[in-house]
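Scroll down for the structure; my scribbles are underneath it.
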Amino acid sequence: MAKDFSSREENYSQWYNELVVKADLAENSAVRGCMVIKPYGYAIWEKMQAALDKMFKDTGHSNAYFPLFIPKSFFSREADHVEGFAKECAVVTHYRLKKDPNGNGIVVDDEAKLEEELIVRPTSETIIWDTYKNWIQSYRDLPVLINQWANVVRWEMRTRLFLRTAEFLWQEGHTAHATEQEAIEETIQMMNVYAEFAENWLAMPVLKGVKSPNERFAGALDTYCIEALMQDGKALQAGTSHFLGQNFAKAFGVQYLNKENKLTYVWATSWGVSTRLIGALIMTHSDDHGLVLPPKLAPIQVVIIPIYKKEEQLIQISEKIEPIIHKLREKGIAVKYDNRDTYKPGWKFNEYEFKGVPIRLAIGPRDLENGTVEIARRDTLEKEIIPIEGITENIEYLLAEIQKNLFDKALAFRTQNTFKADTWEEFKDMLENKKGFILAHWDGTAETEQKIKEETKATIRLIPFDGDEEGQCIYSGKPSKKRVVFALSY
RNA sequence: CGGGGUGUGGCGCAGUUGGUUAGCGUGCUUGACUGGGGGUCAAGAGGUCGCGAGUUCGAGUCUCGCCACUCCGACCA
């Protein structure tokens with residue numbers, strides 16, 4: 001299936017594109033910029049959803065669902081917000097088709113023009129705040145803590161599977177609070193939830209921080225984010241959490257009576273992660289042999305491959321392996337026993353290796369005689385023969401070990417690819433020759449940020465919370481109180 | 001949306017200065033032998049050469065338009 005697979009070294013983006021398609025995660029569709037997420041890729045998303053959903057529930061949130069379509073007029077209520085999204089909105093103008101009078105199939109019925117055009121949501125702040133206005137009257141109605149799992153559309157010029165597509169799946173949380181303090185705490189809490197999810201489930205270390213004004217979400221007062229470093233040294237924004245202040249409350253008139261009987265605008269947050277996380281997962285762990293999945297998100301955690309010549313041997317192997325499969329499933333481990341006779345063992349080895357299955361067991365007549373099994377781990381590609389006795393405990397341990405190893409490796413990579421630059425020359429040299437995260441002083445102005453971006457393509461990925469240190473801006477030489485994180489980014 | 005590249009059986013590609021019946025690898029089907037890292041042999045099936053016009057006696061090949069993918073810019077999760 002995946003012979004002639006590109007290596008990361010020769011062409012990283014080609015490697016990524018081929019991997020996504022050949023590992024059966026997703027493919028391009030007949031609709032420009034839109035992808036088909038295939039069952040194996042979608043299974044990863046489902047695992048992500050399940051874990052995140054639980055974390056949202058555990059922090060007091062409930063799921064709801066809002067419309068795909070947003071009246072155009074809603075969009076213009078918050079000025080910054082419109083400006084941020086206007087250029088990439090799909091617009092519904094008609095509601096009916098008719099047979100082409102000239103006999104060429106079907107055409108839009110010009111008589112069925114919508115009174116008011118509808119925008120296909122690029123994000124749901126406007127429709128949600130228009131709704132919250134009716135839900136919130138009293139301080140007793142607060143906080144409102146809602147999440148929705150949905151698709152959104154952003155008409156992107158250049159698309160890449162998972163990383164940037166015209167339509168994508170995500171979750172968007174939208175909360176309303178009585179006080180500024182509470183809303184800020186919520187924003188930070190959700191950033192922390194994302195960071196925890198990224199590190200514990202994706203085994204992907206992330207930096208936490210605040211976006212610079214240039215990189216901030218349109219309509220937000222502050223955007224908190226988690227940022228990960230990919231193997232090619234480019235940064236990927238993996239999740240964002242926005243403190244929206246009272247912008248949307250004012251735009252949509254969401255007020256409540258507080259305990260002093262005074263009409264007050266509510267404070268808002270929104271936060272989201274998307275199927276882009278699957279791209280992040282791929283570019284964090286996978287190698288030239290294909291996909292590498294952290295056990296906690298792998299649709300198949302253990303694959304068992306029987307090796308046999310005669311039907312009779314397969315029966316013997318199956319009898320030996322069935323109780324083990326049963327025990328593993330009891331422990332909640334996703335096991336696949338691939339006893340298909342239509343593929344050879346060698347072919348299967350490569351197939352599951354390419355698809356990133358963390359653990360592979362192979363068992364044949366020799367093992368039956370010796371009471372052993374061959375166990376191979378995807379992360380290190382090591383294999384060894386071990387006693388079949390105690391195999392389930394062994395696997396349980398190994399899955400945890402692989403999860404940890406992937407995180408450690410990714411963290412070591414990030415550490416090795418994080419640099420400090422103190423001069424402009426040094427900064428430019430690092431961007432060109434080393435890539436990675438570059439910690440450098442910045443004077444805090446949007447102008448300097450813009451100039452740096454124009455001259456080097458590097459952007460400020462985030463401003464860390466800690467690490468106060470006196471210094472001078474690498475570009476302007478003006479005083480700076482802390483280093484910020486620069487990188488080339490996706 | 002601007003600039004470059006690519007588009008030929010499912011996938012990856014070759015196809016000469018325009019010339020007959022469009023090839024190769026892989027995959028697919030059937031059978032036999034096989035089976036501890038993508039097996040071997042044999043026999044088969046499978047193509048509107050991205051789409052549409054044009055030039056020509058003749059177009060996969062030349063011209064124009066469009067579409068898709070891809071890389072580079074502007075934009076973004």
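Nothing here was measured: the structure is a model prediction, and the numbers come from that model. All chains are named by letter (A, B, ...) in the order of the sequence lines, taking the proteins before the strands, and each is independently numbered beginning at 1.
- Regarding A:Met35, its CE atom lies at a distance of 18 Å from the C1' atom of B:rA68, rounded to whole Å.
- In this model, no donor atom of one side chain and acceptor atom of the other lie less than 3.5 Å apart for A:Asp288 and A:Ser7.
- Aromatic ring centres of A:His174 and A:Tyr132 lie farther apart than the 6.0 Å criterion allows.
- Taking for each of A:Gly346 and A:Lys87 the nucleotide of RNA chain B with the nearest heavy atom, the 5'-most of the two is the partner of A:Gly346.
- Listed pair A:Asn11 / B:rC71 fails the phosphate criterion, with no side-chain N or O lying under 4.0 Å from OP1 or OP2.
- For B:rG36, the base has no donor-acceptor partner in the side chain of A:Lys383 [N/O atoms by modelled type, under 3.5 angstrom].
- One finds a side-chain N or O of A:Arg158 lying less than 4.0 angstrom from the OP1 or OP2 phosphate oxygen of B:rC72.
- Checking A:Pro365 against A:Leu163, the closest nucleotide of RNA chain B that is more toward the 5' end is the one next to A:Pro365.
- OP1 or OP2 of B:rC71 lies within a sub-4.0 Å distance of a side-chain N or O belonging to A:Ser13.
- When ring centroids are compared, A:Trp424 and A:Tyr475 come within the 6.0 Å threshold.
- Using modelled atom types, one finds a donor on one side chain and an acceptor on the other under 3.5 Å when comparing A:Ser124 with A:Gln148.
- Atom NZ in A:Lys234 sits roughly 15 Å away from atom P in B:rA77 (whole-Å rounding).
- Regarding A:Trp347, its CH2 atom lies at a distance of 13 Å from the C1' atom of B:rU26, rounded to whole Å.
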